[in-house]
Amino acid sequence: MKAGILLPQAGDSATRDNVLYIAKEAEREGFNSVWVLERLLWAVKPQTPYAGTPDGSLPVEYQNVLDPLETLTYLAGNTDQISLGTCIIDMLFHNPVVLARRFATLDILSQGRAIAGLGIGWSKDEYEVSGVPFEHRGQRSNEFLQMLKRIWTDEIVEFKGQFYSIPASKIGPKPVQKPHPPILLGGFSPKTFLRIVNYADGWIPVAGFGQLKQLEQAINGLREVARKADKDPSKIRVFVLAYPNVLDSSSSSTSSSEQRLPMTGTIDQIGTDIDQIKAMDVEHIIFGHIFSPIGKDMKKMIEITKQLAKFTK
């Protein structure tokens with residue numbers, strides 16, 4: 001299983017020096033990938049509650065977020081081998097032709113290292129500021145994904161859909177990776193699984209918000225959707241995003257392994273979770289420290305990720 005790290009791209013740690021340091025150290029340590037997220041705004045009174053906090057407010061780190069593709073394009077010129085991924089960009093907030101060209105440019109400048117992790121978003125505020133209707137976002141994303149692939153692969157691109165259209169045109173540049181950069185989708189619904197099987201290459205779930213058994217069942221469910229669609233389930237790629245909460249032995253000794261939350265505990269306890277994830281035929285695990293005190297200490301972030309990455313071997 002491969003290992004990646006989420007860049008310090010949000011909050012007070014989102015600086016040029018920190019992003020560059022983590023990317024270069026990650027490559028030097030042999031990590032396989034670096035990743036970025038997208039957040040357009042931090043609504044003071046959100047119309048859609050944030051699922052990750054008890055009161056529905058967004059984490060303060062989201063008040064300051066470097067643009068994902070600009071960040072990766074900058075790193076394309078400052079790294080040589082490490083993959084550059086988004087987990088995730090909300091595709092519907094972007095023009096599909098513009099986004100396709102930006103990813104293709106990243107792939108060219110990085111010599112084939114781009115990974116397109118995409119989602120459909122959940123925030124009504126971000127839809128509003130993007131000028132995109134919140135309704136029919138599933139059908140809209142189906143068209144968007146079809147367009148991306150055509151822009152990246154077809155010499156003459158033409159598309160006429162319910163929500164988008166492209167007159168017969170040549171659109172360049174084309175990406176280095178053939179047929180195109182990997183497309184991974186976030187989300188956790190049956191419709192998302194069908195969208196992955198029909199239009200994408202894989203899935204980016206988040207580990208740690210429920211028991212790992214739920215993650216395993218979901219991965220098996222996705223592969224079953226592929227089988228029913230006469231697709232090879234082994235070709236569905238799974239990249240897991242995890243937010244480890246590393247505790248020292250004294251802090252975690254009062255909790256038994258059955259009681260603790262996944263990805264929480266000592267390095268060795270979290271290592272057992274990584275072993276479980278690896279056993280699910282997960283291809284890649286991404287370690288995020290954005291919401292942890294570790295994420296404010298760049299050297300510690302690399303060191304902890306390095307210790308966790310040993311369990312992926």
Side-chain angles (χ1 to χ4, degrees), residues 2 4 7 9 23 27 32-38 66-121 130 132 139-186 195-204 226 231-232 235-239 283-284 286:
K2 294 180 180 179
L7 289 165
Q9 173 225 353
E27 185 166 73
N32 302 101
S33 58
V34 292
W35 299 78
V36 289
L37 54 82
E38 181 175 55
L66 295 175
D67 183 87
L69 285 177
E70 267 77 357
T71 300
L72 292 183
T73 303
Y74 169 66
L75 294 177
N78 286 281
T79 55
D80 297 311
Q81 297 180 328
I82 200 163
S83 294
L84 308 169
T86 60
C87 66
I88 56 175
I89 281 181
D90 293 317
M91 58 183 139
L92 300 183
F93 303 157
H94 301 267
N95 175 286
V97 175
V98 174
L99 189 63
R101 293 181 70 250
R102 292 177 73 197
F103 266 112
T105 300
L106 173 62
D107 204 50
I108 289 167
L109 297 180
S110 67
Q111 297 182 306
R113 293 185 278 141
I115 302 174
L118 306 171
I120 65 173
S130 300
V132 179
Q139 298 98 306
R140 190 182 294 269
S141 64
N142 290 343
E143 286 192 12
F144 197 111
L145 291 166
Q146 292 174 68
M147 289 177 69
L148 278 185
K149 293 167 82 170
R150 291 193 192 182
I151 293 166
W152 286 337
T153 59
D154 292 357
E155 182 179 352
I156 303 293
V157 183
E158 185 172 14
F159 187 90
K160 293 181 180 178
Q162 180 181 354
F163 304 100
Y164 300 105
S165 64
I166 303 175
S169 307
K170 290 195 172 188
I171 303 176
K174 302 299 184 188
V176 171
Q177 297 180 82
K178 302 303 178 190
H180 52 72
I183 300 173
L184 310 172
L185 300 184
R195 189 168 299 120
I196 291 168
V197 168
N198 288 333
Y199 306 116
D201 302 297
W203 183 37
I204 305 183
K231 304 285 180 68
D232 184 350
K235 291 185 177 178
I236 301 293
R237 307 172 70 180
V238 179
F239 289 47
E283 175 180 332
H284 212 119
I286 305 156

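What you see is a predicted model, and the numbers here were worked out from it, not measured in a lab. All values below were derived from every heavy atom in this structure, side-chain atoms included, with hydrogens, water molecules and symmetry-related copies excluded.
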Asker: Hey, what do you get for CG (Leu75) to CD1 (Ile82), rounding to the nearest 0.5 Å?
Answerer: 9.0 Å
Asker: The test is side-chain contact (heavy atoms from CB on, under 4.5 Å); show your working for Leu148 and Tyr199 and say whether it passes.
Answerer: CA-CA 10 Å; Leu148 278 185; Tyr199 306 116; over 6 Å; no
Asker: Supply the atom-to-atom distance Ile88 CD1 to Ile120 CD1, rounded to the nearest 0.5 angstrom.
Answerer: 9.0 Å
Asker: Tell me every residue that passes salt bridge (Lys or Arg N to Asp or Glu O under 4.0 Å) with Lys170, counting only those two or more places apart in sequence or in another chain.
Answerer: Glu155
Asker: Could you give the distance from CG (Leu118) to CG (Leu92), rounded to the nearest 0.5 Å?
Answerer: 9.5 Å
Asker: Quick one: CD1 on Ile115 to OG on Ser83, what's the gap to the nearest 0.5 Å?
Answerer: 4.5 Å
Asker: Roughly how far, to the nearest 0.5 Å, is OG1 of Thr86 from CG of Leu99?
Answerer: 8.0 Å
Asker: Taking only residues two or more places apart in sequence or in another chain, which ones pass side chain to side chain contact (heavy atoms under 4.5 Å, CB included) with Ile171?
Answerer: Val97, Arg101, Ile151, Val157, Ile166, Ser169
Asker: State which residues pass side chain to side chain donor-acceptor pair (under 3.5 Å) with Glu283; sequence neighbours excluded, sorted by chain then number.
Answerer: Arg237
Asker: In chain order, what residues pass the ring-ring contact (aromatic ring centres under 6.0 Å, His included) check against Phe144, with sequence neighbours excluded?
Answerer: Tyr164
Asker: Taking salt bridge (Lys or Arg N to Asp or Glu O under 4.0 Å) as the cut-off, I'd like each qualifying pair that reaches into residues 156-165, sequence neighbours left out, listed once.
Answerer: none
Asker: Using 0.5 Å steps for rounding, measure from the OG atom of Ser141 to the CE atom of Met147.
Answerer: 13.0 Å
Asker: Got a sec, which residues hit side chain to side chain contact (heavy atoms under 4.5 Å, CB included) with Asp80, two or more places apart in sequence or on another chain?
Answerer: Glu27
